[in-house]
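It should be emphasised that the depicted structure is a prediction, and the values quoted were computed from it without experimental measurement. Hydrogens, waters and symmetry mates are skipped; everything else that's a heavy atom, side chains included, is used.
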2 protein chains.
Amino acid sequence: MTPLDERKRSILKAVVDDYIETAEPIGSKQLVSRHALAVSPATVRNEMSDLEQLGYLEQPHTSAGRVPSDKGYREYVDSLMSVDPLSPEEETLIRERLDVHFDELGEALRSASSVLSATTGYTSVAMTPRLRTSQLKQIKMLMIEPGRAVVVVVLAAGIVKDRVVRIPELLDAATLAKVSAAVEEGLSGMKLEDITLIAVTAAGRRAKLPEALLNQILYEAYISIKQADSMSVYMDGTNRMLGYPEFQEIRKARGFLDALHEEGLIAGYLAEDNPDGEDTDGHRRPYMIRIGQEISLGGLDGCSFVTTTCRDAGTLLGSIGVIGPKRMDYSKVVSHIGFVRRTLDEGMRNLMDGNRNTEETR
Amino acid sequence: MTPLDERKRSILKAVVDDYIETAEPIGSKQLVSRHALAVSPATVRNEMSDLEQLGYLEQPHTSAGRVPSDKGYREYVDSLMSVDPLSPEEETLIRERLDVHFDELGEALRSASSVLSATTGYTSVAMTPRLRTSQLKQIKMLMIEPGRAVVVVVLAAGIVKDRVVRIPELLDAATLAKVSAAVEEGLSGMKLEDITLIAVTAAGRRAKLPEALLNQILYEAYISIKQADSMSVYMDGTNRMLGYPEFQEIRKARGFLDALHEEGLIAGYLAEDNPDGEDTDGHRRPYMIRIGQEISLGGLDGCSFVTTTCRDAGTLLGSIGVIGPKRMDYSKVVSHIGFVRRTLDEGMRNLMDGNRNTEETR
DNA sequence: CTTTAGCACTCCGAGGCATTGAGTGCTAAC
DNA sequence: GTTAGCACTCAATGCCTCGGAGTGCTAAAG
């Protein structure tokens, strides 16, 4: 476990860089000429052979070039690659396409995902967080017609969800409003995770209605509140992936797309993003990178997954990520996802601040 | 343009049937043996040659079997295929998976799409209609926090849409409620297409507030109403298609998937479904089939598209469709889509009836 | 006049084979 | 420690052959 010497490091970096670009196994001769190295192919061969021994490179078959192993990529992203900041043009381009939809969390994340996918050329995902610890701010039940109502739940985080429900036919609008007000008064300010059916019932009972009528409404209110806690996943650029050589075989492509649509899989990975930006191997940075085997499941095994989270003063507001072939341009992805995250953070901070003070950051 | 004689018809049907099953060009000898025909291969060859002359079949190359042309498929769906009703088991299966979500139009259509895709094995789409002629029933503006509000729009068709908007910071909840009530009172009952910004402003002015404050709110209200008229498209089973031989080449697969995601393309086709079930060639049935060239655009040219619409007493409530290779099992698709449509219609009728009478069709 | 058997012809696709080229590991010289 | 030289490996490519499934045509049979 001695660290790699400088020359091995630079050769490994060169191999990964080239492989990222060409997707072809890299040979010693080619490497020397492309990078104008000061050593001969034979030397490079020896070094590459060492790197293979150490587990950083692999050979598809004897007498082919070398390809980075998962460990090789890991070393690359952890200590070899250079992450350049975006150019001002790129920054303004992204900002323009992003700051349209800052009024609603879901919209903001959706467009973040779309921008990320477009600018990196890979598949991108975004997810609203679970909001267990967020406070309920308002709950309104509006009559649509006899027997049906819409329940609107507003959370402190500024999230709004609605849901159409059945209610007893003989309930009129005024009564419903009274129940709605009672529930809101009783629950407003509570954390979602603390709201139980009992709490809802207790709050609603103040409206002084026959139990029979009440129960159904309160139950629906309860469900609506619980449902506001559900997360949504957005995805973009899924079929951009079909353009990359690693997905030329339809089987691979199918496996990848199926995995993406698999219920909860992506959400699971996004949710696991460590709050402290602690990486699997103990490194510490504002994003998390999973490579190949590290996302072991199903069709994603030829892929890597870069994720990060948006926060406002500690509370999680959303997760975004980019999925690409293991051979993705990590440097580009990291800089782009970082910038999108910061822009999003900023936009949301303004949004959230809007609550307390009037007109400031503008 | 003389109609095909009986033998030609049955041979054409046999060819299409076989090709649907095998995806391989059909030869004369094979056809005879598989269908135990009473004539010799040579006769079949002559007939097939005629059918090719007439444009119903084509040859990928000399000395290969025949493949149906678009015209051949057209004849097949128009007058050759037999559509068998679903078995009771299939019916109950579909019913079970369908009738969970009848409270909300979007949910119903989404699950219809999912069921259709699962049972047919092809890609399925569904779309909520444009609602220009639907009446506005309610519009409520609820304060979330200073500077932000949620607008909830309820249409007579039972559709609910919400939207988060910015409002002037110094507006308080009570005032907003007043404006909201004024707007609702002024516009309720109007058709969406008749609601103009002028109408909204006129309605809102009754709230007697300073113009400056009012204008922004009313504009947002107007936008929210207009937006309620937007349609949503649901899709399911898109990558099921990658399993079929016609999409083994990644280029085709990519083309197909890109076409599906192309903004408005599918929506356009779904919207074109003729209200009277009048088919392109004047036939009359409760569904519409487009074959190959008939959906000329982009990546869909190897595909067929079967669509139908759900209605309640004449008003359009949604469109559903199945997209598959031209070589799809039309009979199966037609029977499935028909049953789903009827089930959906029924569910919605109950939903709509819920408005007027109390508890009946159950 | 229709059907069919027979036959020559076409063409795709699979398998075999040699060739090429990029790459490797090893050894010996620098 | 580095590098030139060399023998070796292996995938990819092109070429050839061959078999099979299919066709169209012609002539005989029904």
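- Salt bridge status for A:Glu246 with A:Lys252: absent, with no side-chain N to carboxylate O gap under 4.0 Å.
- Side chains of B:Arg240 and B:Thr123: a donor-acceptor N/O pair is absent below 3.5 angstrom, by distance only.
- Per the geometry, CG belonging to A:Asn46 stands 10 Å off C1' belonging to C:dC26, to the nearest Å.
- The CD atom of A:Gln53 sits 12 Å away from the C1' atom of C:dG25 (whole-angstrom rounding).
- Distance from the side chain of B:Thr62 is smallest for C:dT10 among the nucleotides C:dT10, C:dT24, D:dT9.
- Here C:dT4 is the nucleotide among D:dT3, C:dT4, D:dG24 with the atom lying nearest to any side-chain atom of B:Ala42.
- The phosphate of C:dA22 (OP1 or OP2) has no side-chain N or O of A:Arg66 nearer than 4.0 angstrom.
- For the pair A:Ser113 (side chain) and A:Ser124 (backbone), a donor-acceptor distance under 3.5 Å is present.
- Atoms NZ (A:Lys8) and C1' (D:dT2) sit 13 Å apart, rounded to a whole Å.
- Between A:Tyr73 and A:Tyr19, the two ring planes are tilted [angle within 30° to 60°].
- Residues B:Ser40 and A:Glu52 both approach DNA chain C. Their nearest nucleotides, taken by heavy-atom distance, put B:Ser40 toward the 5′ side.
- With the nearest nucleotide of DNA chain C identified for both B:Pro41 and A:Ser49, B:Pro41 has the one nearer the 5' end.
- Side-chain nitrogen and oxygen atoms of B:Thr43 include none within less than 4.0 Å of the OP1 or OP2 phosphate oxygen of C:dT2.
- Taking atom NZ of B:Lys29 as the reference point, atom P of C:dA5 lies 12 Å away to the nearest angstrom.
- Put simply, CD on B:Glu24 is 15 Å from P on C:dC12, counting in whole angstrom units.
- In this structure, of C:dC26, C:dC11, C:dT4, it is C:dC26 that holds the atom nearest to the side chain of A:Arg45.
- If you take CD of B:Gln59 and C1' of D:dA21, they are 12 Å apart, rounded to a whole angstrom.
- In this structure, B:His61 atom NE2 and D:dG24 atom P are separated by 12 Å, rounded to whole Å.
- The main-chain N or O of B:Ser331 is found under 3.5 Å from a side-chain atom of B:Ser335 such that the two form a donor-acceptor pair.
- B:Arg7 has a side-chain polar atom (N or O) that falls below the 4.0 Å cut-off from OP1 or OP2 of C:dT3.
- Regarding A:Met48, its CE atom lies at a distance of 5 Å from the P atom of C:dT24, rounded to whole Å.
- The base of D:dT9 lies close enough to the side chain of A:Ser63 for a donor and an acceptor atom to sit less than 3.5 Å apart.
- The phosphate of C:dG23 (OP1 or OP2) has a side-chain N or O of A:Gln30 nearer than 4.0 angstrom.
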